[in-house]
Amino acid sequence: MKTGRMFRGFFVKTISFVGYTVQYGCIAHCAFEYIGEFVSVSFLELFGQSISTDSKRNTYKSLFLPTINLQQCSGPSMEPTITNHDVVFSERVSRHLCRIQKGDIVIAKSPFDPKMNICKRVIGLEGDKVCTSGPSDVFKTHTYVPRGHVWLEGDNLRNSTDSRSYGPVPYALIRGRVCLKLWPPHNFGVLAESPNDGRIL
Amino acid sequence: MKTGRMFRGFFVKTISFVGYTVQYGCIAHCAFEYIGEFVSCSGPSMEPTITNHDVVFSERVSRHLCRIQKGDIVIAKSPFDPKMNICKRVIGLEGDKVCTSGPSDVFKTHTYVPRGHVWLEGDNLRNSTDSRSYGPVPYALIRGRVCLKRKKNGLTGRTSSKPVWTTSPKMKCYHAGRPTFSLEIILNHTQTLSYSSCIRSLK
């Protein structure tokens, strides 16, 4: 009889613990979903495109990291604005209110891997004319960004796989706008403007 | 003094009411986000499988576990309007060869679905804007997989005030007092009449 009561008490405590965990987990998830989240940038890939040997590691990270909301985006494509091991804060409000503008740095889901995120700068919004040729090309080619899409480019133009290779990205893939750099402490603050003059027309 | 206490009591009650609303709102949001949601479909692009004003249930688990397969009907965010959703059938997954020409064209053209994308088409091929016009859709735009459809009332097809339903050995029946209702399992691609003649994905 006494052990029965003990088990029942233990069971009730476990259930209420699970209940509280689910409850506060949901509140935390909604806060990260609608307000903002911390993002850590590190070298997952070399050229902004996933290498097959890394696919299992990336899957592991994408399974566990969202629970602590520390997401990783691709490597050196945003240098010098964002470098390896930087921690940035990305806010979600602009995305939900459709206030993303040209020149903003955004975190978006990769069009080629739904479990990976990419961190690029918005060069053009829907209807804008963007330059698709490189700075060293003789003949300049342009294209117009279709409705509901954005044109993303990394700041490190020589080492970035972005819209110049895979085309415009649907706006719905954007997760948030990077607004603050938190680490390293000497670089704390708002992020710099694009170092590539003339890419934003 | 008494009015001060009244205001403080009222303020505390308001704060706790807001707190409970936020709390249960977040739990409900997470349930809809990770388990499933009811969706009201409009438009003719999925006829006869899903008609205008049908209510379907789309589950989110398959999408998060990457278990979406060819032949599934999915709800996805529109590539052209981030606030709109589209309801189409998955014809091809990444790497698959899909037919891009119409059934009446003389020369058949094909394309391969790129990595991380899917090829979506509506069941009503003559009246559907889908991947044949805007190309393959990134997998990350998919929100959920449609698995159940609320069946309309009998021969007239009208929905009555009480959603009355027909039974079948394959359908599940939920009796929750009044009204009683059952949900029809969404037909897979081998059963849909308009689809049995041509599955457009080729290996």
Side-chain angles (χ1 to χ4, degrees), chain A residues 19-35 49-52 55 58-59 62-63 66-67 94-100 106-118 125-127 145-150 152 161 165-175, chain B residues 18-35 60-68 74-86 90 93-95 111-120 129-131 133-145:
Chain A
Y20 278 122
T21 311
V22 167
Q23 198 167 311
Y24 293 117
C26 290
I27 294 171
H29 170 86
C30 286
F32 289 128
E33 177 72 26
Y34 289 103
I35 301 173
Q49 199 166 355
S50 67
I51 306 169
S52 58
S55 60
N58 292 345
T59 314
S62 68
L63 278 177
T67 57
S94 302
R95 183 246 177 266
H96 288 293
L97 298 179
C98 294
R99 294 273 170 87
I100 302 283
V106 295
I107 308 279
K109 284 209 165 107
S110 165
F112 290 111
D113 189 346
K115 294 181 181 168
M116 291 265 309
N117 295 319
I118 55 174
L125 299 169
E126 58 182 18
V145 182
R147 191 165 61 96
H149 288 66
V150 292
L152 302 178
T161 312
S165 44
Y166 47 69
V169 173
Y171 185 97
L173 288 181
I174 292 177
R175 292 174 59 101
Chain B
V18 168
Y20 277 122
T21 310
V22 167
Q23 196 168 308
Y24 292 117
C26 291
I27 294 171
H29 170 85
C30 288
F32 291 133
E33 179 73 24
Y34 289 103
I35 301 173
R60 303 286 199 119
V61 180
S62 302
R63 182 247 177 265
H64 288 294
L65 298 179
C66 290
R67 294 270 170 90
I68 302 283
V74 295
I75 308 279
K77 286 209 162 104
S78 165
F80 290 109
D81 189 347
K83 293 178 184 171
M84 293 254 315
N85 295 317
I86 56 175
V90 174
L93 298 170
E94 59 182 15
T111 185
Y112 287 92
V113 182
R115 190 164 63 96
H117 288 66
V118 293
W119 189 269
L120 302 178
T129 310
D130 44 37
S131 288
S133 45
Y134 48 68
V137 174
Y139 185 96
L141 288 181
I142 292 177
R143 290 173 58 101
R145 184 182 72 94

Tabulate below the donor-acceptor pairs under 3.5 Å that side-chain atoms of residues 19-26 of chain B make, not counting sequence neighbours, or state none.
{"residue": "B/Thr21", "atom": "OG1", "partner": "B/Phe17", "partner atom": "O", "Å": "2.7"}

CD of B/Glu33 to NE2 of A/His29: how many Å apart, nearest 0.5 Å? 5.0 Å

ring-ring contact (aromatic ring centres under 6.0 Å, His included) involving B/Tyr112 - partner list, sequence neighbours excluded: none

Considering non-hydrogen atoms only, spot the tightest contact between A/Pro111 and B/Pro138 and give its length. O-CB, 4.1 Å

Close aromatic pair by centroid cut-off 6.0 Å: A/Tyr166 and B/His117: no

Minimum heavy-atom distance between B/Cys30 and A/Cys30, given as atom pair plus value: SG-SG, 4.1 Å

Of all of A/Pro146, A/Ala172, A/Cys98, which one pairs up most often with chain B through heavy atoms under 4.5 Å apart? A/Ala172

Check whether B/Arg143 gets within reach of chain A through its side chain, its backbone, both or neither, counting any heavy atom under 4.5 Å. neither

